[in-house]
Each structure stands twice: as structure tokens, then as C-alpha cells.
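The chain is numbered in sequence order, starting from 1.
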Amino acid sequence: MWADERRAMKRLLPCLLAALAGSWEVDDQGRLTASLQVATLDPATRRLDVPEGARIWLEVGTNSRNWLANCELLCEGYDDVYIVSFEPLLEHYGRVVAGAVAAPSGGAGGLRRLDGRRGVALPFALDAVDGEADFHVAAQDGCSALAKPSPGERACATVGGVRRVPTMTLKSVFDVLLPVGAHVDFLYVDAQGHGLKILEGAGDSLARVDAIVVDALLRDEALMYETQNGCAATVEFAAAAGFHVPFETRAFLCDHAADHAGRLESAPREINVFFARDATRARPICPHVLDYCIEREDVLTVGFHAQLPTCRGDERCETDVCREGEGHCLIYLDARNCWCTT
């Protein structure tokens, strides 16, 4: 009986391999790659089935955290948001799709599943060109990137090897995935040194993005990645692309951020900068985000045009640090919802 089954399997194996040919392959470096379905598009339009009237948010560099779905989207007034999230590392992508990532400490519930109704997660890296590229895997969550770590970099050094991942440009996101003529209400880019290349890959489509957050290296900091975008270049790019950056604040923004970093014990090397086309628009913020989702790179955006709300002289935080004047009040929503340095 077992002999017959083995003979049958020997006959079937060539057929199975032939059927799978083109679906997977092993290259000359021993890398096993495979084709697999990652989303179901609208059969009629062959694009994402975004609910009519929904505001579209894009998140690039989701990692295992998916900040937008678990942070800003939990604020009031964002029930109409549809998120398109990009994460090329399959172990993180799978957790995002399954909603298996725990909420930030003290947050309400787990990660919102991007199951097609409120959004979708896709295992692509965004880049300046469509195709595929090497992705450097780091031990620290959030450090993996297309950009190659600089020699001597320790915190974000490549220790998990290099993987070949599919890449897509922002232009292709508009031309292929999003509904025809769609605008992106908010684009969040945390791509570890690759932010400007991603924005450049949008081409003319960047005009259809209304607001962005992008990470950049602080002035005077050593490069964490070989091709990392700096603060000044990022600000100039945003201004040239039509985002509102008052001319008189462009140089001040990066200088002030670098000087301000000295107030933080965490000693951040990067800044997350917010830009909007509407001069009156502010970055999404609410007590939940302030309590559980602020990164050390975010506090440095305080004090600039349309950034997080800052404290005035007559506003006092009820936190232990700022109540006694021992710290510096940075972000203020109300007395119980404020953020202070130590």
C-alpha cells in the first residue's frame, strides 16, 4: 500500500512542480520567493473598494505597530477614514492583517484589523521606482528599512539579513490602487531614511496629497542610514511641493528642533515633521494619541506652524514633572492631557 502511494507521489511530483513553476523560485543566492494574493480589489474597477466619501490615509513603514489605525484613528471625528498600510516584512504584515498587535500601554483594545472594510494592509515597500529591492532587517522593531544602515550604526544595524521585497511608488498607488481621481487626506511616512525618495516617487501625484508626516535626520546628527534625508532638505522639498511652510520659519524649524532635542533624556536623532497644504490644518491629535502614541521624534515638531498644540505661559500641566516647574511643558490639550520633558 505504502509502496503504491510512494509511486503515485513520484508520478504527481513533476506535475505539481510544473503547476507551481512561475509561482515560486529559488534564485542563485538561495532566496526562495513566491507569488501570492495579497488583496481582493473591486472586480469592476480593479482598484481598492474604498467606501464612497471616505477620507484616505496612507501609512508607509507600518512595522508591527500600525500607528494610524491604533492611534489617530481612535480620536473622535475620524469614523470616515480608510487606511492603506504598507509593510513588506511578512512577520509584521501578518500581525497587522490579523489585528494581533497589542494596543499601546493603557490603550483601549487591540489593533484594528485592516480587513478591507476600514482599510487594507499590503506587503510592499514604497520606493522611488516600481519593482523589487533589498530590505535590511534590523533587530530593533521599527529600524528595518530599504536604506542601508551607515557603517558603525549600532541601534539600527542590519542583523536579520537582507530580504528581497516588492516595491511600489506612490504614483502607482494613485494610478493602480486608489479610486480614479482620489485624494489622500493624510500620508504618514516613517521609512527610516527613505522618506524623500518615497515622496519623489509620487511625481505629479503628490499634488493629490493634502497633508504629510515624514521622518528626517536632525541637524548635526551622524547618518543612521547611508542615504538618509535630513531635516533641511525635507523642509525645502515640502515647500517646493506646495505644502505650507512659511519662508521665515524654514531655517528656524530645523535649527530649533536640533536645539530642542537637548531637553529630552531620550536624545532623539530624528524628527517627525508635519506639513499641510491648508495653512490652518493641524496634525491629528487627541488625548488618546497624547497619552499612548507620542514618540520621542514627535515632540520635536512642537512649536512649528500647524504642529501639535503647544503650552502657553499660563497653562500648567497636572503631571508630576511639570506641576512643580521641574520640566518643560511641550504639548497641551488640557491640564490632564499634556506632555512634558524631564
I want to check something: taking the side chain as every heavy atom from C-beta on, are Q228 and E270 in contact at a cut-off of under 4.5 Å? yes
Does V129 belong to the same Ile/Leu/Val/Met/Phe/Trp/Tyr cluster as L146, with side-chain heavy atoms less than 4.5 Å apart forming each link? no
Nearest 0.5 Å, please: how far is CG in L199 from OG1 in T234? 8.0 Å
Do D215 and V273 pass the side-chain contact (heavy atoms from CB on, under 4.5 Å) test, and can you show the C-alpha distance, the side-chain angles, and the key distance before you say yes or no? CA-CA 6 Å; D215 58 322; V273 200; over 6 Å; no
Do other residues, nucleotides or ligands put more than 12 heavy atoms under 6.0 Å from the CD atom of E91? yes
Short side-chain to backbone donor-acceptor contact, S150 and L223, under 3.5 Å: yes
Decide side-chain contact (heavy atoms from CB on, under 4.5 Å) for L217 and M224; before the verdict, give the C-alpha distance in whole Å, the side-chain angles of both, and the deciding distance to 0.1 Å. CA-CA 8 Å; L217 187 73; M224 300 169 62; 4.3 Å; yes
Going from CG on L218 to SG on C231, what distance comes out if it is rounded to the nearest 0.5 angstrom? 6.5 Å
Could you go through L48 and V84, starting from their C-alpha distance and side-chain angles, then the distance that decides it, and tell me whether this counts as side-chain contact (heavy atoms from CB on, under 4.5 Å)? CA-CA 9 Å; L48 290 173; V84 183; 3.9 Å; yes
Single-linkage hydrophobic cluster V209~V173, side-chain heavy atoms < 4.5 angstrom: yes
Nearest-0.5 Å distance that lies between atom CD1 in I271 and atom SG in C254: 6.5 Å
Pairs involving residues 177-207, ordered by first then second residue, that meet ring-ring contact (aromatic ring centres under 6.0 Å, His included) (sequence neighbours left out): W57-F186
Using a 4.5 Å cut-off on heavy atoms from C-beta on, say whether the side chain of R283 contacts that of V213. yes
For side chain to side chain donor-acceptor pair (under 3.5 Å), just list the numbers for S35 and S23, CA-CA rounded to whole Å, side-chain angles, deciding distance to a tenth of an Å, and then say yes or no. CA-CA 5 Å; S35 299; S23 297; 5.6 Å; no
Check ring pair (Phe, Tyr, Trp, His ring centres under 6.0 Å) between F86 and all other residues, then give those that pass, not counting sequence neighbours. none
Which heavy atom in A121 sits nearest to a heavy atom in V96, and how many Å separate them? CB-CG1, 4.0 Å
Please say yes or no: joined through hydrophobic side-chain contacts below 4.5 Å, possibly via intermediate residues, are L36 and L177 part of one cluster? yes
Check whether any side-chain heavy atom of F274 lies under 4.5 Å from a side-chain heavy atom of V214, and answer yes or no. no
ILVMFWY cluster, V162 and L126 together (side-chain gap under 4.5 Å): no
Between D210 and R281 the two heavy atoms that sit nearest each other are CB-NH1, 3.9 Å
Once ring-ring contact (aromatic ring centres under 6.0 Å, His included) is applied, what residue pairs with a partner in residues 123-177 remain, sequence neighbours excluded? none
Counting C-beta onward and ignoring hydrogens, is there a side-chain heavy-atom pair between L73 and D79 closer than 4.5 Å? no
Stepwise side chain to side chain donor-acceptor pair (under 3.5 Å) check, Q192 with Y225: CA-CA 8 Å; Q192 301 301 308; Y225 301 88; 3.0 Å; yes
Could you grab the distance from atom CD1 of I198 to atom CD1 of I212, nearest 0.5 Å is fine? 11.0 Å
Return yes when atom CZ of R336 has more than 12 non-hydrogen atoms of other residues, nucleotides or ligands closer than 6.0 Å, and no otherwise. no
Using side-chain heavy atoms (C-beta onward) and a distance below 4.5 Å, is P123 in contact with L90? yes
Salt-bridge contact R163-E132 (side-chain N to carboxylate O under 4.0 Å): no
Tell me the closest heavy-atom pair linking D49 and Y82, and the distance in Å. O-CE1, 4.3 Å
Out of curiosity, E72 CD to I83 CD1, how far, rounded to the nearest 0.5 Å? 8.5 Å
With salt bridge (Lys or Arg N to Asp or Glu O under 4.0 Å) as the rule and sequence neighbours excluded, what pairs involving residues 25-46 come up? D27-R31, R31-D134
State, with a plain yes or no, whether a side-chain heavy atom of I56 is found less than 4.5 Å away from one of L178. yes
dist L206:CG -> R277:CZ (nearest 0.5 Å) comes out at 5.5 Å
Note: L333 and P287 closest approach over all heavy atoms is CD1-N, 3.5 Å
A125 and V165: which non-hydrogen atoms are nearest, and at how many Å? CB-CG2, 4.0 Å
Student check: side-chain heavy atoms of I331 and C338 closer than 4.5 Å: no
Would you check if the side chain of T169 reaches a backbone N or O of S172 as a donor-acceptor pair within less than 3.5 Å? yes
Do F237 and L58 belong together in a cluster built from hydrophobic side chains that touch within less than 4.5 Å? yes
Minimum heavy-atom separation for A138 and C156, please, with both atom names. CB-O, 4.1 Å
Is the side chain of T167 donor-acceptor paired with the backbone N or O of G131 at a distance under 3.5 Å, no angle test? yes
Is any side-chain heavy atom of L89 less than 4.5 Å from a side-chain heavy atom of S144? yes
Pair listing, salt bridge (Lys or Arg N to Asp or Glu O under 4.0 Å) test, anchored in residues 189-205, at least two apart: R65-D190
Could you go step by step and tell me if F275 and V235 meet the side-chain contact (heavy atoms from CB on, under 4.5 Å) rule? CA-CA 9 Å; F275 303 106; V235 172; 4.0 Å; yes
Is it true that R208 and D185 have a side-chain N and a carboxylate O under 4.0 angstrom from each other? no
Any salt bridge (Lys or Arg N to Asp or Glu O under 4.0 Å) pairs touching residues 229-238, not counting sequence neighbours? E236-R250
